[in-house]
Amino acid sequence: MLKDYLFPETVSEAVSILNNKEGQARIIAGGTDLLLDIPAGKIKTSNLVDISRISELSAITLEEGMISIGAAVTHNRAAESELIREKAAALAQAASCVGSYQIRNSATVIGNVCNAQPAADTAVALVALGAVAEIAASGGTESVPVEKMYAGVGRSTVDSSRQLVTKVSFPAAQKGQGTAFVRLQQRKALALPMLNVAAMVALEDGKFAWARISMAPVGPGPVRALNAEQILNGAEVTPEVIEKAAQAALEQANPRSSALRGSKEYRTSVLPTLIRRALEQAVANAGGSIN
């Protein structure tokens with residue numbers, strides 16, 4: 001049973017409350033998942049620590065080439081941010097896909113990551129962008145790559161009863177760099193993704209200087225297509241190279257058959273197409289062309 005609902009005004013105050021409650025309090029931001037999980041008995045807590053009034057956690061900033069998104073930034077704010085749309089298009093596209101407009105007005109990007117669902121759209125984009133989370137606790141602050149925040153399906157490495165993810169940060173796209181996000185879903189409102197893919201590429205003299213590709217749900221969390229990335233690094237930007245990389249991505253994908261998301265065989269057959277589309281769009285967003 002809930003006993004208290006607290007509004008700290010600083011990060012240190014929020015962390016202090018968590019420490020004093022000794023695991024009996026839990027962070028809440030948008031609450032769109034948590035307020036369903038508590039009555040369902042999936043999460044037990046007696047105190048909620050609402051971080052929505054901590055001003056620094058509502059900021060989207062660009063400093064020294066790094067974009068940071070605070071823990072209280074909603075999906076709609078990320079999707080509509082000029083900075084995110086220009087310098088991290090994949091994240092803006094991913095944030096605009098989550099739930100309904102009303103849900104996106106409350107649900108936060110970092111909450112989406114901490115909920116640890118394998119196909120979390122913004123987590124897939126953040127992994128492709130190379131994002132790192134800053135996590136505060138009573139013992140200090142640590143930085144963790146977003147792809148390392150998954151302990152299993154629906155299980156985060158972050159303990160929200162003792163830790164607070166304050167922000168995620170990633171490099172802003174520079175000249176010659178582009179990002180993209182694509183999603184396969186059923187044709188109905190609020191559909192969960194059957195597959196989603198995000199890519200970031202850097203181009204130099206008609207070649208891929210480097211690339212990062214993230215795909216889901218093909219594992220416990222967003223999965224890097226490392227073999228595909230290796231094929232792209234230093235290669236000419238051609239349809240043949242992109243297709244070879246798209247096929248290589250299958251080597252690290254292990255989708256499960258699901259009544260909601262489709263069979264393993266179907267999703268395996270269409271994944272290369274999504275990889276190809278994401279790469280083609282990322283190349284276009286980088287100002288490049290496919291020869």
Side-chain angles (χ1 to χ4, degrees), residues 78-79 84-98 109 112 118-131 146-147 170-174 176-186 191-203 207-219 221-255 261-262 266-291:
I84 302 298
R85 292 164 69 96
E86 180 182 354
K87 300 294 185 182
L91 181 58
Q93 293 164 342
S96 68
C97 291
V98 175
V109 171
N112 196 213
D121 293 294
T122 54
V124 173
L126 287 169
V127 169
L129 295 172
V146 169
E147 62 204 90
F170 50 86
Q174 304 297 311
Q177 298 178 355
T179 72
F181 174 85
V182 296
R183 189 186 210 248
L184 177 67
Q185 63 191 38
Q186 295 182 347
L192 294 170
M194 299 170 74
L195 288 167
N196 48 15
V197 173
M200 182 170 188
V201 302
L203 308 180
K207 295 182 178 180
F208 290 100
W210 52 262
R212 284 196 297 267
I213 303 168
S214 173
M215 51 190 179
V218 296
V223 175
R224 287 275 297 277
L226 297 175
N227 291 353
E229 294 174 6
Q230 188 172 11
I231 288 171
L232 294 171
N233 292 346
E236 302 280 347
V237 183
T238 67
E240 293 77 17
V241 167
I242 290 175
E243 183 60 31
K244 185 178 179 181
Q247 294 296 331
L250 288 172
E251 297 169 15
Q252 278 140 341
N254 185 29
R261 302 184 192 278
Y266 172 70
R267 291 195 286 159
T268 300
S269 69
V270 298
L271 179 60
T273 299
L274 297 188
I275 298 284
R276 175 171 53 78
R277 289 178 181 173
L279 287 171
E280 290 173 346
Q281 186 60 58
V283 168
N285 290 344
S289 59
I290 301 172
N291 301 312

*With distance as the sole test, does Glu243 use its side chain to make a donor-acceptor pair with the main-chain N or O of Glu240 at under 3.5 Å?*
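Flag not set: sc Glu243 to bb Glu240 has no pair under 3.5 Å.
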Can [X] and [Y] be counted as having a side-chain donor-acceptor contact under 3.5 angstrom?
X	Y	value
Glu229	Asn233	no
Thr122	Asn112	yes
Asn291	Glu236	no

_Candidate list Thr179, Val146, Val124, test side chain to side chain contact (heavy atoms under 4.5 Å, CB included), partner Leu129, passing option_ =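 Exactly one pass, corresponding to Thr179.
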*Go through Ile231 and Phe208 one step at a time and tell me if the side-chain contact (heavy atoms from CB on, under 4.5 Å) criterion holds.*
CA-CA 10 Å; Ile231 288 171; Phe208 290 100; over 6 Å; no
Taking all heavy atoms of [X] and all of [Y], pick out the closest pair and write down the distance.
X	Y	answer
Ala199	Ala282	O-CB, 4.1 Å
Gly178	Ala286	N-CB, 3.4 Å
Ser214	Pro222	OG-CB, 3.5 Å
Ala228	Ala249	CB-N, 4.1 Å
Arg183	Pro193	NH2-CD, 3.1 Å

*From Thr238 atom OG1 to Lys244 atom NZ, the distance as rounded to the nearest 0.5 Å*: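 Here the interatomic distance stands at 10.0 Å.
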*Hey, could you give me the CD1/CZ distance between Ile242 and Arg277, rounded to the nearest 0.5 Å?*
13.5 Å
Side-chain contact test, heavy atoms from C-beta onward, threshold under 4.5 Å: evaluate it for [X] versus [Y] and give yes or no.
X	Y	value
Leu232	Ile213	yes
Arg224	Gln252	no
Leu271	Val197	yes
Tyr266	Pro255	no
Pro217	Met194	no
Ile290	Glu280	yes
Phe181	Gln281	no
Leu250	Pro272	yes

*Kindly determine whether Val218 and Asn254 satisfy side-chain contact (heavy atoms from CB on, under 4.5 Å), including the steps that lead there.*
CA-CA 5 Å; Val218 296; Asn254 185 29; 5.7 Å; no
*Go through Leu126 and Val109 one step at a time and tell me if the side-chain contact (heavy atoms from CB on, under 4.5 Å) criterion holds.*
CA-CA 10 Å; Leu126 287 169; Val109 171; 4.0 Å; yes
